[in-house]
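Inspection log for the structure reproduced underneath, given as structure tokens.
The figures here come from the full heavy-atom set of this structure, side chains too, leaving out hydrogens, waters and symmetry mates. Along the sequence shown, residues carry numbers from 1. These figures come from a predicted structure and were not determined experimentally.
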Amino acid sequence: GYLDPDAYEDKHAVEEAKMVVEATDGEVLTYDGELIDATYFSCSGGMTEDAVAVWGSDVPYLQSVSSPGEEIAAHYTDTVFFSKAQLETLLGVKLSGQKYVGATAYTEGGGVASVTIGGQTFRGTDLRTLLGLRSTAFTMDVTEEGILFTTKGYGHRVGMSQYGAQAMALSGSRYGQILGHYYRGTLLTNWEAK
């Protein structure tokens with residue numbers, strides 16, 4: 001008979017996933033004895049972000065760490081151009097003259113903390129939302145016509161990078177090492193419901 005390789009791979013993947021779930025049943029990640037908020041995202045562009053830079057509150061185990069090996073990610077870098085007219089509409093500013101972008105401040109994780117455009121200061125997280133950027137880790141090439149944004153990574157960049165975790169696993173890291181890298185100071189332990 002005919003053996004469908006896709007059906008075999010799907011069945012094999014399901015069986016492997018079941019084994020992993022059973023082997024780790026009851027294991028949880030804690031910080032100071034409490035369950036953590038294990039946030040994750042697609043790709044960081046090489047460096048994750050502190051929780052405080054994105055959500056305004058410091059979380060000890062959600063700090064900026066390197067995330068090498070993500071270069072294979074579909075959105076490791078992206079570019080998008082906005083004309084001055086588009087920026088004026090989307091940001092609610094008036095852009096005149098050649099120097100309409102001012103000071104830029106950066107976060108510990110390499111994201112834009114704030115930037116002044118058209119005399120108004122924007123948080124990097126707000127620009128990401130207003131312009132639909134892939135991340136706050138961006139650079140700007142400013143011209144008389146508009147701004148070309150080049151982003152690194154995809155997502156909020158806080159916690160564990162899916163592509164970074166995959167790269168670590170492919171290079172031989174075990175799941176405990178991967179979790180310990182992205183969630184610093186946490187403890188992988190067995191949890192009993194209280």
Side-chain angles (χ1 to χ4, degrees), residues 31 36-168 181-186:
Y31 185 86
I36 72 161
D37 186 6
T39 61
Y40 63 94
F41 53 90
S42 176
C43 170
S44 73
M47 185 69 95
T48 70
E49 192 62 87
D50 292 345
V52 70
V54 177
W55 297 312
S57 59
D58 189 32
V59 180
Y61 57 85
L62 294 177
Q63 302 297 313
S64 178
V65 298
S66 66
S67 188
E70 297 180 336
E71 296 80 9
I72 63 167
H75 298 290
Y76 184 74
T77 61
D78 285 293
T79 58
V80 61
F81 179 80
F82 292 93
S83 69
K84 277 184 166 180
Q86 289 173 311
L87 290 167
E88 287 179 338
T89 300
L90 293 168
L91 302 180
V93 295
K94 186 69 179 152
L95 305 179
S96 59
Q98 293 180 349
K99 188 133 172 86
Y100 54 90
V101 174
T104 304
Y106 296 91
T107 66
E108 190 73 26
V112 171
S114 64
V115 61
T116 302
I117 301 175
Q120 185 173 336
T121 301
F122 294 91
R123 292 178 41 213
T125 52
D126 293 335
L127 276 183
R128 178 177 177 233
T129 300
L130 291 167
L131 302 178
L133 302 175
R134 298 240 189 244
S135 81
T136 60
F138 60 83
T139 58
M140 298 172 289
D141 292 319
V142 181
T143 68
E144 289 185 33
E145 291 78 34
I147 302 175
L148 178 69
F149 290 85
T150 301
T151 58
K152 287 181 74 175
Y154 188 13
H156 51 67
R157 301 175 49 244
V158 177
M160 185 173 64
S161 162
Q162 292 171 310
Y163 276 95
Q166 178 187 29
M168 288 181 72
H181 174 75
Y182 285 105
Y183 306 110
R184 296 286 167 108
T186 60

Checklist line | Min side-chain heavy-atom separation Thr136-Arg157 under 4.5 Å | finding: yes
Item checked: Side chains of Trp55 and His156 in contact at under 4.5 Å (non-hydrogen atoms) -> yes
Note to self: Within the structure provided, determine whether Val80 and Leu133 are in side-chain contact (heavy-atom separation under 4.5 Å).
What the structure shows: yes
Checklist line | Trace of the side-chain contact (heavy atoms from CB on, under 4.5 Å) decision for Phe149 with Thr139 | finding: CA-CA 6 Å; Phe149 290 85; Thr139 58; over 6 Å; no
Notebook entry, point to check: Pick one: which of Thr89, Leu90, Leu148, Ile147 meets side-chain contact (heavy atoms from CB on, under 4.5 Å) with Phe82?
Noted result: Leu90
Notebook entry, point to check: Just by distance, do the side chain of Thr39 and the backbone of Val158 share a donor-acceptor pair under 3.5 Å?
Noted result: yes
Note to self: Please find the pair of heavy atoms, one from Tyr163 and one from Cys43, that lie closest to each other, and give the distance.
What the structure shows: CD1-CB, 4.1 Å
Next item on the list: Would you check if Val101 and Leu95 make a side-chain contact, meaning some heavy-atom pair closer than 4.5 Å?
Entry: no
Notebook entry, point to check: Where do Ser161 and Tyr182 come nearest, in terms of heavy atoms and distance?
Noted result: N-CE2, 3.7 Å
Notebook entry, point to check: What residues, two or more places apart in sequence or in another chain, satisfy side-chain contact (heavy atoms from CB on, under 4.5 Å) together with Thr104?
Noted result: Tyr106, Val112, Val115, Met140
Next item on the list: Measure the CG-CZ distance between Leu91 and Phe122 for me, rounded to the nearest 0.5 Å.
Entry: 4.5 Å
Notebook entry, point to check: How long is the span from the CG atom in Leu62 to the OG1 atom in Thr186, to the nearest 0.5 Å?
Noted result: 9.5 Å
Checklist line | His75: side-chain contact (heavy atoms from CB on, under 4.5 Å) partners, not counting sequence neighbours | finding: Asp78, Arg134, Tyr154
Checklist line | Expected output: side-chain Thr116 to main-chain Gly119 donor-acceptor under 3.5 Å | finding: no
Item checked: Side chain Glu70, main chain Ser44, donor-acceptor under 3.5 Å -> yes
Item checked: Considering all heavy atoms, the nearest Ala53-Thr125 contact -> O-CG2, 4.0 Å
Item checked: Val59 versus Ala51, closest heavy-atom pair with distance -> CG2-CB, 3.9 Å
Item checked: Considering all heavy atoms, the nearest Gly164-Ser67 contact -> CA-OG, 3.6 Å
Item checked: Glu108 atom CD: more than 12 heavy-atom contacts under 6.0 Å -> no
Next item on the list: Using side chain to side chain donor-acceptor pair (under 3.5 Å) as the criterion, list what pairs up with Thr79, not counting sequence neighbours.
Entry: none
Next item on the list: Taking side-chain contact (heavy atoms from CB on, under 4.5 Å) as the test, write out the residues that go with Thr77, two or more places apart.
Entry: Lys152
Checklist line | Backbone N/O of Tyr40 and side chain of Gln162: donor-acceptor pair under 3.5 Å | finding: no
Next item on the list: With sequence neighbours excluded, tell me which residues meet side-chain contact (heavy atoms from CB on, under 4.5 Å) with Ser83.
Entry: Phe81, Ala85, Gln86
Next item on the list: Hey, can you tell me if Tyr31 and Tyr61 have their rings parallel, tilted or perpendicular (30° and 60° cut-offs)?
Entry: tilted
Notebook entry, point to check: Between NZ of Lys84 and CD of Glu144, what distance do you get to the nearest 0.5 Å?
Noted result: 6.5 Å
Margin query: Just verifying a value: how many Å separate Ile117 CD1 and Leu131 CG, rounded to the nearest 0.5 Å?
Written below: 7.0 Å
Margin query: Going by the rule side chain to side chain donor-acceptor pair (under 3.5 Å), which residues pair with Thr48 if we only count those two or more places apart in sequence or in a different chain?
Written below: none
Item checked: Pro68 to Ser66 - nearest heavy-atom pair and separation -> CD-C, 3.6 Å
